[in-house]
There are 2 protein chains.
Amino acid sequence: MEIRKIQPKKKQGLVLVITGNGKGKTTSAMGMALRATGYQMKVCIIQFMKGNLYSGEWDGVKRLDGLVELISTGKGFCCIEGSKVPYSEHRRNAQDAVALSMEKIKSNQFDILILDEINNALNLKLIDLEQVMEILNKRPFELHMVLTGRDAHPEVIKIADTVSEIIEIKHAFRKGIEPQPGIDY
Amino acid sequence: MEIRKIQPKKKQGLVLVITGNGKGKTTSAMGMALRATGYQMKVCIIQFMKGNLYSGEWDGVKRLDGLVELISTGKGFCCIEGSKVPYSEHRRNAQDAVALSMEKIKSNQFDILILDEINNALNLKLIDLEQVMEILNKRPFELHMVLTGRDAHPEVIKIADTVSEIIEIKHAFRKGIEPQPGIDY
């Protein structure tokens with residue numbers, strides 16, 4: 001069978017939003033990173049909220065021949081009961097992630113910039129809507145941007161080209177099954 | 001910051017279904033494959049319906065140090081107008097993919113088996129519900145199985161541990177933007 005390779009007549013950066021309460025938002029962004037390496041594209045992933053819990057993608061992306069850079073900011077889950085890190089420190093971290101995002105945009109070294117859990121960071125007021133808008137508005141024409149996390153802001157959805165909402169129909173942990181490595185983290 | 005690595009007390013294979021009409025089903029499965037390689041887990045991906053259109057993940061997974069095997073069956077999109085391949089040939093291909101899935105299950109060499117677009121194959125009657133049930137029932141206890149594709153069958157959803165439905169809120173192609181490499185394929 002002959003494999004067809006298509007190319008768009010016009011290369012254009014897309015803004016993608018992956019939101020909703022179901023499993024698969026960060027996972028889907030990781031899948032895009034993997035797919036992009038099939039084209040030798042360069043990807044930067046900035047994780048806004050991921051905390052101190054190891055996740056397999058941190059080492060997974062290291063296999064991708066230097067094409068994918070993953071930077072995890074954040075100091076554990078924010079704003080849940082029993083959290084030992086004060087809100088002000090979470091906000092400072094998220095603000096650093098905003099500055100880092102702007103830096104990566106200006107570097108012009110990437111084809112895709114993934115802002116993982118940025119929607120939550122905005123929702124929890126760790127960053128401001130104006131900051132997200134500035135990031136989106138400053139993006140070069142050919143840069144793809146992927147924004148993940150539940151509760152995406154309506155203004156972000158308005159600006160986006162492609163928006164998927166992932167609905168939880170069922171989740172294993174609701175029947176008492178522990179999270180499993182490689183699947184859940 | 002100290003990174004916590006957790007391990008479940010009980011390792012258990014999960015059945016995951018990723019369905020719905022939105023973007024991100026295959027992508028999310030690819031993300032799980034990437035994440036799993038962070039644990040040196042072995043993954044087999046069998047694509048039931050993907051056709052003769054090149055997709056970046058085909059070369060992306062080759063970067064993963066032999067941990068991920070991807071086999072694409074299928075001869076182009078099935079059952080759409082203008083398709084040159086007769087239905088009987090599509091069915092034969094999908095039947096081969098079922099046999100291959102059973103083989104991979106029996107080989108006991110994988111931690112995750114991804115059956116990409118199997119839900120569509122079932123919906124288009126290229127395979128039968130009994131065959132999908134047999135695959136699910138024959139899986140070893142620790143094998144994770146991921147079934148993707150729109151229109152997941154209710155019986156498959158019933159058996160699954162985690163089910164996500166991806167809803168299309170917006171898609172770039174609806175405003176005339178061409179599919180972009182690394183993002184859409």
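Order of the sequence lines fixes the chain letters, A, B, ..., with proteins taken first and strands second; residue numbering starts at 1 for each chain. Side chains are part of it too, since the values below use all heavy atoms of this structure and drop only hydrogens, waters and symmetry mates.
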Could you look at [X] and say if it's the side chain, the backbone, both or neither that has a heavy atom under 4.5 Å from chain B?
| X | answer |
| --- | --- |
| A:Phe173 | neither |
| A:Lys5 | both |
| A:Lys11 | both |
| A:Pro8 | both |
| A:Lys25 | neither |
| A:Met41 | side chain |
| A:Val15 | neither |
| A:Leu34 | both |
| A:Asp184 | both |
| A:Ile18 | neither |

Name the option with the most non-hydrogen atom pairs under 4.5 Å to chain B; the candidates are [options].
| options | answer |
| --- | --- |
| A:Leu64, A:Thr26, A:Val43 | A:Leu64 |
| A:Gly22, A:Ala36, A:Ala172 | A:Ala172 |
| A:Asp65, A:Ile183, A:Leu14 | A:Ile183 |
| A:Glu168, A:His144, A:Gln40 | A:His144 |

Would the distance check show the side chain of [X] and the main-chain N or O of [Y] forming a donor-acceptor pair, the cut-off being under 3.5 Å?
| X | Y | result |
| --- | --- | --- |
| A:Arg35 | B:Ser55 | no |
| A:Arg63 | B:Arg63 | no |
| B:Glu165 | A:Ile169 | no |
| A:Glu57 | B:Gly38 | no |
| A:Gln12 | B:Pro179 | no |
| A:Ser164 | B:Lys23 | yes |

* **Flag side-chain contact, heavy atom, 4.5 Å: B:Ile6 against A:Tyr54** => no
* To do: I would like to know whether B:Ile177 and A:Lys10 meet side-chain contact (heavy atoms from CB on, under 4.5 Å); could you show each step before the answer?
  => CA-CA 9 Å; B:Ile177 299 174; A:Lys10 187 180 175 189; over 6 Å; no
* Pair B:Asp161 + A:Lys170: basic N to acidic O under 4.0 Å -> no
